[in-house]
Amino acid sequence: MTRKLASGVLLLSLLLIRTAPCSGQEVDLRAVMNEPGVRLVAVYFWSEYCKLCMKSMPKWRELHEEYRDRGFRLIMVAVASEGKCGVPGWVPDKMVCDFTAELAQSWFATELPQSFLWTWQGTMLLEHATVDQVGSAVKEWFRKAPRILVEPPSDQEGRPLRDGEQIRKLVRT
């Protein structure tokens, strides 16, 4: 299968069909992308037995902490981690346990570590990327992305509208 075809199949399966549950969990990109305030979503496949994966953990933590409040979300998928599923010392937005590596295989993430990055609109920015590549892409995307300030609506005299806060929340969403 060509890389372009594989990418298309992957994107279609991820956005249109929910991936198969793994130990009662799944990666539901559409649900994460539809959460209010989400602008970028990274999915990181890793394992505790992977030295390169563990070496990149501090970089993931820094990236997550730096951009979380701006709408960056991180989903970490622990692959074949011998019954363990956790990140020491910090917690990403979502942790998924893939004890059998079936989820990783369905994403073509057979070599670890692997990362994928999407915009909230569903545009894939990176596939099979490193944490450094994701970090650069996130930084660049936020540098270019417009920032819009949404104030609660008010009447002509500057008084807040009765339902102004609800309207503001809807507009932000």
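Residues take their numbers from the sequence shown, with the count starting at 1.
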Spacing of [X] atom [atom1] and [Y] atom [atom2] [to the nearest 0.5 Å]:
X	Y	atom1	atom2	result
Ser106	Asp98	OG	CG	7.5 Å
Arg30	Glu35	CZ	CD	13.5 Å
Trp90	Arg61	CH2	CZ	7.5 Å
Met54	Trp46	CE	CH2	5.5 Å

Short side-chain donor-acceptor distance under 3.5 Å, Thr119 and Gln121: yes
Within-4.5 Å side-chain heavy-atom neighbours: [X] and [Y]:
X	Y	result
Leu125	Trp118	no
Met76	Pro92	yes
Leu52	Leu112	no
Trp141	Arg39	yes
Ser115	Trp60	yes
Lys59	Asp132	yes

Considering all heavy atoms of both residues, which atom of Val32 and which atom of Val38 are nearest to each other, and what is their separation? O-CG2, 3.4 Å
Looking only at non-hydrogen atoms, find the nearest pair between Ala78 and Met95 and report the distance. CB-CE, 3.8 Å
Under 3.5 Å donor-acceptor, [X] side chain and [Y] backbone:
X	Y	answer
Arg73	Arg68	yes
Asp93	Leu74	yes
Gln114	Glu111	yes
Ser47	Cys50	no
Ser136	Gln133	no
Asp155	Gly158	yes

Tell me, with the steps shown, if Leu117 and Val41 meet side chain to side chain contact (heavy atoms under 4.5 Å, CB included). CA-CA 6 Å; Leu117 181 65; Val41 179; over 6 Å; no
So with a 6.0 Å cut-off around CD of Glu140, is the heavy-atom count from everything else above 12? yes
With a 6.0 Å cut-off (strictly less than), is the heavy-atom count around CG of Asp69, excluding the residue itself, greater than 12? no
So that I know where these two stand, are His128 and Phe116 an aromatic pair - ring centroids less than 6.0 Å apart? yes
Identify, with sequence neighbours excluded, every residue that meets ring-ring contact (aromatic ring centres under 6.0 Å, His included) alongside Tyr67. Phe142
Go through Met57 and Tyr44 one step at a time and tell me if the side chain to side chain contact (heavy atoms under 4.5 Å, CB included) criterion holds. CA-CA 10 Å; Met57 284 297 175; Tyr44 176 55; 4.1 Å; yes
